[in-house]
Protein chains: 2
Amino acid sequence: MITGIKFSLNDSLYSRDPQDTELGQRILKHSIILIDDIGLENFTFKKLALEIESTEASMYRYFENKHQLLLFLTSWYWQWVEYLISIHTLNIEDPGHRLKIILKSIINATSENALTEYINENLLHNIIINEGSKAYHTHDVDEENKHGIFSSYKELNEVIAQAILALNSNFPYPHSLASNILEMANNQVYFAQHLPRLTDIKVPKGDLSQLEAMMEYFVMKLVKD
Amino acid sequence: MITGIKFSLNDSLYSRDPQDTELGQRILKHSIILIDDIGLENFTFKKLALEIESTEASMYRYFENKHQLLLFLTSWYWQWVEYLISIHTLNIEDPGHRLKIILKSIINATSENALTEYINENLLHNIIINEGSKAYHTHDVDEENKHGIFSSYKELNEVIAQAILALNSNFPYPHSLASNILEMANNQVYFAQHLPRLTDIKVPKGDLSQLEAMMEYFVMKLVKD
DNA sequence: TATCTGTGATAGTAAAACTATTATATCTAA
DNA sequence: TTAGATATAATAGTTTTACTATCACAGATA
């Protein structure tokens, strides 16, 4: 029986791998719930410790600080999306079809259950939408990048870029389009929820079908010859 | 003689308008320099006060906290870009030409001097690229939005959306494309500088011509029938 | 039986993020 | 010209955040 997925994440994303212990898994589970609830700025390890009836010091055994925790969560998420894409595109040959499935996978990742008890993918997706870009908008990007902190994001980006090139090998900006797809998919949901004048789509009750239609329209119109 | 531009910014963006006093202007000038230098996370009012030989308490008379300061700076910036667009598109009738000029204005805003002694537009542009999205990625977006905090961003977005519709009135997603233009223009520069595998462009010595070519390619291909 | 591993309990520090009070210089309107 | 308003400085304080350090202890492991 499958009880969960464990991803191999870069060493620099934690002090002790939280996937390996019961407390570690509780940290992941409740940090997702708490960050989703109060936002990253208001989130502290003290509040988290209180929530899971542990101590602040124990939180620091797993993560050096909350930024490292955010990096862990975002890396986990992007690795999961890449995994979903790999499954959904198995045996799909047609490049146009493949690219559409990739878009669907990125957008609807949240509705799939990774069978990981300690990670609520729905809430994690919210966190990615709300806080995801803060993972790399930091003064130490270059240093963190050297340590391979962003490799799961870059790998996912490469998968998308290759799918774009498979559809049109002359497309001049595959990597920029790929990163823009990832950013836009999150941003437009955020705008629909909080700054609706910045978008044309709606996300009624979390229904992402309008986003999907728009993303497909943009990408296909751009990539096709 | 023109000595500077003063924008009318929403009351909620400050406690006391920093544009009106000498200390306020020094706060703006040196906060831009300091945030650019050490990053928003490491920036504190205490460090700023030290820099300009004033006191922490005096900083708090102008801004409630550093997030409000960031909101002020980003609003100022977007209002300035809208002003540049309005100037550059005067007497330009052709919609395609107009839209291209808008893109140029957004991308090259930095190379223009607003003649505002206390605002270094170059550094401010860097801050927008590095920290801009944090202005609205906050737990209190909805509350802040109610107070009109984001109106300059939304107005600029509307100007772009209208220019898109002028070129093709059937384009189904003018607002989403507009917001994506603004986000993408910043993100792709950031990626080129820090995570080059996520983009296809380069920004050699701050030269943004590759970005301009790419943005024009994307937008024109999308908008044209 | 010894030791290693993971956690809890407790205590502490330095800095960040404010708030409050008083003093004083300057400018401004009666 | 003078009383009051305005802007800033100086000082001192509080609470919270973001850590670090130490010791005790239970359970697994060798």
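Residue numbers start from 1 in every chain, and the chains themselves are labelled A, B, ... in the order their sequence lines are given, proteins ahead of strands.
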Item to check | Whole-Å distance separating the CG atom of Leu23(B) from the C1' atom of dC27(C) | outcome: 17 Å
Next on the checklist: Which label fits Tyr190(A) and His194(A): parallel for a plane angle under 30°, tilted from 30 to 60°, or perpendicular past 60°?
Outcome noted: tilted
Checklist entry - Does a nitrogen or oxygen in the side chain of Arg61(A) sit under 4.0 Å from OP1 or OP2 of dT7(C)? => result no
Checklist entry - Over how many whole Å does the gap from Lys46(A) atom NZ to dT13(C) atom C1' extend? => result 13 Å
Checklist outcome for this item: From CG of Asn65(B) across to C1' of dA15(C) the rounded distance in Å is 17 Å
Checklist entry - Can you find an N or O donor on one side and an acceptor on the other, under 3.5 Å apart, linking the side chain of Glu56(B) with the base of dC18(C)? => result yes
Item to check | Length of the line joining Met59(A):CE and dT20(D):C1', which is rounded to integer Å | outcome: 16 Å
Next on the checklist: Can you see if the side chain of Tyr62(B) gets near the phosphate of dT8(D) - specifically, an N or O under 4.0 Å from OP1 or OP2?
Outcome noted: yes
Checklist entry - Reckon Thr55(A) has a side-chain N or O less than 4.0 Å from the OP1 or OP2 of dA9(C)? => result no
Checklist entry - Within less than 4.0 Å of OP1 or OP2 of dG6(C), is there a side-chain N or O belonging to Thr21(A)? => result no
Item to check | d(CD, Gln68(A); C1', dA18(D)) in whole Å | outcome: 14 Å
Checklist entry - When you check the phosphate oxygens OP1 and OP2 of dT8(D), does a side-chain N or O of Ser58(B) lie under 4.0 Å from one of them? => result no
Item to check | Any pair counted as side chain to side chain donor-acceptor pair (under 3.5 Å), so long as it reaches residues 46-57 of chain B, sequence neighbours left out | outcome: Thr55(B)-Ser58(B)
Item to check | Lys/Arg N to Asp/Glu carboxylate O, Asp20(A) vs Lys6(A), below 4.0 Å | outcome: yes
Checklist entry - Of all the nucleotides listed (dG8(C), dG6(C), dA9(D)), which has the minimum atom distance to the side chain of Arg16(A)? => result dG6(C)
Next on the checklist: Would you call the rings of Tyr173(B) and Phe218(A) parallel, tilted or perpendicular, taking 30° and 60° as the class edges?
Outcome noted: tilted
Item to check | Nearest-Å distance for atom pair CD/C1', residues Glu22(B) and dT26(C) | outcome: 13 Å
Checklist entry - Over how many whole Å does the gap from Lys66(A) atom NZ to dC19(D) atom C1' extend? => result 13 Å
Checklist outcome for this item: Among dG6(C), dT20(D), dA16(C), the one nearest any side-chain atom of Ala57(A) is dT20(D)
Checklist outcome for this item: Whole-Å distance, Phe45(B) CZ to dT19(C) P, equals 11 Å
Checklist entry - Parallel, tilted or perpendicular: which fits the ring planes of Phe45(B) and Phe43(B), with parallel below 30° and perpendicular above 60°? => result perpendicular
